[in-house]
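Notes follow once the structure below has been shown.
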Amino acid sequence: MASFNLLCYATFTYLALLSSSTFCFAYPFGWDHGGGGGVGGGRRPIGGETYSGLLPGFYGHSCPQANDIVMSVLERAISKDPRIAASLLRLHFHDCFVQGCDASVLLDDSETFVSEKKSVPNKNSLRGFEVIDEIKSELEEACPETISCADILALAARGSTVLSGGPNWELPLGRRDSRKASLNGSNKNIPPPNSTVQNLLTFFQRQGLNEVDLVSLSGAHTIGMARCTTFKQRLYNQNGNNQPDSTLERSYYHDLKSVCPKTGGDSNISPLDLASPATFDNTYFKLILSGKGLLTSDQVLLAGNLGKTMQLVKAFADDRALFFGHFGRSMVKMGNISPLTGYNGEVRKNCRKVNL
């Protein structure tokens, strides 16, 4: 494993809720695309932890060019369709929240299970499968039967963030792929867009994630789009009284109505971050402060009257570096949800189906 030169920023007290937090950035020597240190205009990776047998240098000998290949495919895909960066980030999230980070979300129907792609949160919504297929194909050619689909999802999520202008982080690897999917788990474990803040926190706590992780990971909505069906109730019937959501800023409300009529148009799309929808920054939090969070689950981070999430929204809106640091750490935590390692699971040759 590469040696590290640690640069630790001074411990500081922050909002009482994050008191005595220490920010440490690991600088691995000699890493370029292969380790993450050299991508994204020289941004250095965040973190340095290892989890559950996962290691940043897991493929250092078996496939050292793995991340170079991933980044090359991502660069081509994002240049053609900037939206795909957010879609790939979302794929990783929807994978990890269902039986852990095991690439179950990528499996098509089989004789023994129904694909998670058919669940309510995923159907006609998840995108990016073809990009994952392309990455897998190129990795199989370079390093046959070596890189798991679960690790490809984690690498693609990080690469998409970096290529959109966001933070880099040191990514523990070594996940293996499941041999089954869970339609029921997908329907039950992915928080819906109309969640209250307490419901969101419950969904996250089930996965071992806390309030900081909730707000940090919600910040992924700084890129990407959402379909009208995910926020239409805010415009026309938020509380069952045929009235709009009172937390919506008025001009933004009227703009959204022009995109999403009361009848029809459910598949029309609107940016989650109307100011910079293709750039990973902290504008998402600034928009929430002005009543311009698109989804209920965005705006309730502030309007839900949960002190910690409110304070974090304000802090991240004020300090992009603070948000970036926490986002990287929370992505590492999320990527550690029940991974299959060692002799568990398998390394799929085709991400859409289990090995014969």
| query | Does the side chain of Asn184 pick up a donor-acceptor pair with the side chain of Ser182 at under 3.5 Å? | reply | no
| task | Would you please test Lys349 and Glu145 for side-chain contact (heavy atoms from CB on, under 4.5 Å) and show each step? | result | CA-CA 6 Å; Lys349 299 175 186 177; Glu145 300 177 45; 3.5 Å; yes
| remark: Looking only at heavy atoms, the pair that brings Ser270 and Leu294 closest together is O-CD2, 3.7 Å
| said: Is the shortest side-chain heavy-atom distance between Leu74 and Val131 below 4.5 Å? | reply: yes
| query | Does the side chain of Asp102 come under 3.5 Å of the side chain of Ser338 through a donor N or O and an acceptor N or O? | reply | no
| message | Ring-plane angle category for Phe280 and Phe323, please: parallel below 30°, perpendicular beyond 60°, tilted otherwise. | response | parallel
| field | Any donor-acceptor N or O pair under 3.5 Å, side chains Tyr59, Asn67 | value | no
| Does a side chain donor of either Asp273 or Thr222 reach within less than 3.5 Å of an acceptor in the other side chain? | yes
| message | Is it the case that the side chains of Ser216 and Asp213 hold a donor-acceptor pair, with the cut-off being a distance below 3.5 Å and no angle test? | response | no
| said: Run Thr279 and Asp281 through side-chain hydrogen bond (donor to acceptor under 3.5 Å, both in side chains) and show every step you take. | reply: CA-CA 6 Å; Thr279 302; Asp281 53 25; 5.1 Å; no
| task | Please determine, by modelled atom types, if Gln311 and Thr309 share a side-chain donor-acceptor pair under 3.5 angstrom. | result | no
| request: Using the six-membered ring wherever Trp is involved, compare the ring planes of His326 and Phe316 and label them parallel, tilted or perpendicular (cut-offs 30° and 60°). | output: tilted
| query | Any side-chain donor paired with an acceptor under 3.5 Å for Gln233 and Thr296? | reply | yes
| Sole residue of Ser104, Cys351, Ser148 in side chain to side chain contact (heavy atoms under 4.5 Å, CB included) with Asp177 | Ser148
| Does the side chain of Ser119 come under 3.5 Å of the side chain of Asn122 through a donor N or O and an acceptor N or O? | yes
| task | Verify whether one side chain among Asp245 and Thr247 offers a donor that lies under 3.5 Å from an acceptor in the other. | result | yes
